[in-house]
Amino acid sequence: MDFYSDYLVIGSGIAGLYFALKASEQGSVIVLTKKQRAESNTNYAQGGISAAIGADDSFELHIEDTLRAGAGLCHRDAVELMVRTAPHAIAELERLGVEFTRTNGRLDLGREGGHSRNRIVHAQDATGRAIERALLSALAQRPSVTICEHAIAVELITEHHFRTSSPHRTSSTCFGIYALTPSGSVDRYFARATVLATGGCGQVYAHTTNPTIATGDGIAMAYRAGAAIGNMEFIQFHPTALYEPDRQGPAFLISEAVRGAGAILRNSSGERFMLRYDERAELAPRDIVARAIDNELKTRGERCVWLDVRHLDGVRFRNQFPTIVEECAKRGIHLPEDMIPVVPAAHYCCGGVVTDLNGKTTIERLFACGEVACTGVHGANRLASNSLLEGIVFAERAATYLALHPPPPLGKEPELVAPWDDSGTQNTEEWVLIAHDRDELQAIMWDYVGIVRSELRLQRALRRIELLRSEIEDFYCRTKLSPALIELRNLATVAWIITRSALHRKESRGLHTMSDYPQSDDTQWRCDTIICGEQVECRPLPS
Ligand code: FAD
Ligand code: SIN
């Protein structure tokens, strides 16, 4: 079947929902989301949203902290815009019904790594859930918005899909999307503008804090359509995921706000090791803390380090972190009396689909916002709690831009677009191939493209990923579509992009640590890594 709307949004996290809310003032909106509507990275966000609103704080300090964490690669214009919009974003969320934690009537401001002031606005330790709920309930009042659950976007519709297209033609315009629906049919969704808000790709790694939806679909689809993808070597590992050796699935996060409240990291000898690595100790930026833990584990041959909260006030701790206390208690860890075993896990993708400050990608009528986008805000390392903020700020920018510059209605293009062709594909009983390939890909990425990298390991990873990619592509062409197969294909594409980008950057900077090139080299590498088709290049930062 075919569906038409003014705006088509892929994803129902903070970026997609906020865009839909704003765009619904201008026209009809369809939101496609691949699971239940609330299932997103947003829903699990704990720490909060950063905003320079404290009496001792300023925009300049927040900008400075963001640039410092980004290790020389942030786009200053994007950072300034985001930081200066933060108080408005918080006010908007409150207006929509998000109940942020207040102390004596004032917003309670938490602290996280890399921030020089307390500036994390939060709803206890479940900020994302509060935001997701408020946005979904606001959207329920908008008749011009339709949310389609369990509809997974497969491919962007571009000129490649015209019945008469030449296979080598470069695509330049997006007309909508092919999506696999719960009935098993692949439907066509056409729109004046399509917005990718598909979130990150943590699932490309064996250990991640991200839920299973985070398979990099938006990045892979945009890459296949010919969009520029930027800075994918900068994958952020959160230092403190709960260590559970037998757990299958996402790791439970122990928020950085716990360290902000005074928790201390210790190795199994009880030593507070972070002081050996950085004078900011537990509150150094994430790349530094994750690398320090990785080094402790590797040099001491241990499996986890310990987060010590035993000295913190129990009543206050339980009030501040009820979700963490409850989740730990389920596992027999009683807080704050016990120490928490923690390890780093893949957490956030700093790169993504390249956009300008209005969310425009390099493909006409295609926009991107939230974690899927590379706006220039995060550079080589994202500052904690800048992600929810980036999502809301750039979703609003895209909606405002589209209100001021509405794309013309589609003309005859939908008639030119071929229906989804699955002739020649078969149902398969070879599901073991999909499960095995996913596990293998995740293990390769964890072992060879993780926190510390080397040319040798990256080359080895690339060879294996290329083989897997071609086998998966072959299987994909012969097999009836399923969500698991779509995701596997996207994971393989994203793994390849991350590894190619990492191999390109011959220095260490921010989240990208290369043992062969331990120093940063501003003379050659103060640039964005842009990958488009087979080409990888270094693009100078905007002046
Ligand atoms: P998401 O919220 O991930 O939403 C993506 C949506 O796209 C989902 O609905 C998904 O189902 C859908 N989707 C994906 N692919 C398809 C497809 N092919 N077809 C249809 N739908 C699709 N950041 C902060 O700033 N502060 C925090 O405190 C914080 N805590 C975090 C804690 C955890 C455990 C995690 C995992 C992340 C945290 N982050 C935090 C990061 C932050 O939550 C995310 O970066 C942010 O929520 C991303 O929002 P988004 O809207 O871009 O994507
Ligand atoms: C956390 O609560 O530690 C996550 C914050 C973030 O990812 O920004």
Side-chain angles (χ1 to χ4, degrees), residues 8-19 31-50 110 112-115 120-123 125-129 131-132 135 147-156 177-181 189 195-203 208-221 236 238-242 250-260 286 321 323-324 345-350 352 368-373 378 382-392 394-395 483 486-487 490:
L8 175 62
V9 182
I10 319 300
S12 58
I14 190 169
L17 296 182
Y18 199 71
F19 174 87
V31 180
L32 302 184
T33 190
K34 67 177 169 179
K35 289 209 169 156
Q36 302 90 324
R37 60 193 67 201
E39 187 58 3
S40 57
N41 272 7
T42 301
N43 204 38
Y44 299 92
Q46 294 184 356
I49 310 191
S50 52
E112 288 180 342
H115 289 274
I120 314 299
V121 179
H122 59 102
D125 60 353
T127 310
R129 197 166 62 214
I131 294 174
E132 189 75 23
L135 290 174
I147 301 184
C148 307
E149 296 182 321
H150 303 285
I152 178 165
V154 183
E155 214 65 282
L156 298 175
I177 220 138
Y178 291 105
L180 177 66
T181 62
Y189 291 80
V195 179
L196 289 174
T198 44
C201 59
Q203 286 289 328
T208 178
T209 61
N210 290 190
T212 55
I213 52 100
T215 50
D217 299 358
I219 295 168
M221 287 189 290
Q236 183 170 75
H238 197 293
T240 56
L242 185 63
F252 180 71
L253 183 74
I254 307 295
S255 174
E256 194 154 314
V258 175
R259 276 174 283 134
R286 269 181 205 170
F321 303 110
T323 316
I324 293 173
H347 182 64
Y348 184 81
C349 178
C350 294
C369 47
E371 191 168 338
V372 68
H378 305 305
R382 173 180 69 102
L383 185 66
S385 287
N386 268 354
S387 169
L388 293 171
L389 178 60
E390 183 200 33
I392 196 164
F394 287 91
I486 294 166
E487 289 183 347
N490 291 334

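From a predicted model like this one, the values you see are computed outputs, not experimental measurements. In each ligand, atom 1 is the first atom listed, and ligand 1 is the first ligand listed.
At least one N or O atom of His347 sits closer than 3.5 Å to an N or O atom of ligand 2. The shortest N or O to N or O distance between Gln46 and ligand 2 is not below 3.5 Å. Distances between N or O atoms of Ser387 and those of ligand 1 include at least one value under 3.5 Å. Residue contacts with ligand 2: Ala257 is placed with no nitrogen or oxygen under 3.5 Å of a nitrogen or oxygen of the ligand (distance criterion only).
Checking Ala15, Ser255, Gly47 against atom 51 (O) of ligand 1, the nearest heavy atom belongs to Ala15. For the residues Glu112, Arg382, Gln236, Glu256, the heavy atom positioned nearest atom 3 (O) of ligand 2 is part of Glu256. Nearest to atom 30 (N) of ligand 1 by heavy atom, out of Ala241, Ala45, Gly13, is Ala45.
Residue Arg382 places a heavy atom less than 4.0 Å from ligand 1. Using a 4.0 Å heavy-atom cutoff, Ser385 is listed among the residues neighbouring ligand 1. Under a 4.0 angstrom heavy-atom cut-off, Gly48 registers as being in contact with ligand 1. For Leu253, the closest heavy-atom approach to ligand 2 falls below 4.0 Å. Ligand 1 has Ile152 within reach: a non-hydrogen atom of the residue lies less than 4.0 Å from it. Residue contacts with ligand 1 do not include Glu487, since none of its heavy atoms lies under 4.0 Å from the ligand. At least one heavy atom of Thr209 sits less than 4.0 Å from an atom of ligand 1. Contact annotation: Ala384 has no heavy atom less than 4.0 Å from any atom of ligand 1. Heavy-atom distances between Ala214 and ligand 1 stay at or above 4.0 Å for every pair.
Using a 4.0 Å cut-off to heavy atoms of Ser385, the atoms of ligand 2 that qualify are 6 (C), 8 (O). Those atoms of ligand 1 that come under 4.0 Å of a heavy atom in Ile213, given as number and element, are 3 (O), 10 (C), 11 (O). For ligand 1, the atoms closer than 4.0 angstrom to any heavy atom of Ala151 are 19 (N), 20 (C). When each atom of ligand 2 is checked for a heavy atom of His238 under 4.0 Å away, the hits are 1 (C), 3 (O), 4 (C). In the vicinity of Ala384, heavy-atom distances shorter than 4.0 Å reach the ligand 2 atoms 8 (O). When each atom of ligand 1 is checked for a heavy atom of Ala153 under 4.0 Å away, the hits are 17 (C), 18 (N), 19 (N), 20 (C).
Under the side-chain contact (heavy atoms from CB on, under 4.5 Å) test applied with Thr33, the options Val9, Ile152, Thr198, Ile147 reduce to a single match, Ile147.
Between Tyr348 and His378, the distance separating the two ring centers is shorter than 6.0 angstrom.
With respect to Glu487 and Lys34, a salt bridge is recorded, a charged nitrogen being found less than 4.0 Å from a carboxylate O. A salt bridge links Arg286 with Glu256: at least one charged nitrogen is closer than 4.0 Å to a carboxylate oxygen.
No donor-acceptor distance shorter than 3.5 angstrom exists from the side chain of Gln46 to the backbone of Asp125, with no hydrogens or angles considered.
Contacts with ligand 2 closer than 4.0 Å are made by no heavy atom of Thr240, backbone or side chain.
Side-chain polar atoms of Thr209 and His347 form a donor-acceptor pair below 3.5 angstrom.
Among protein heavy atoms, the minimum distance from atom 2 (O) of ligand 2 is reached at Ser255 OG, 2.7 Å. The closest protein non-hydrogen atom to atom 5 (C) of ligand 2 is Arg286 NH2, 3.0 Å. Looking at atom 2 (O) of ligand 1, its nearest protein heavy atom turns out to be Thr42 OG1, 2.5 Å.
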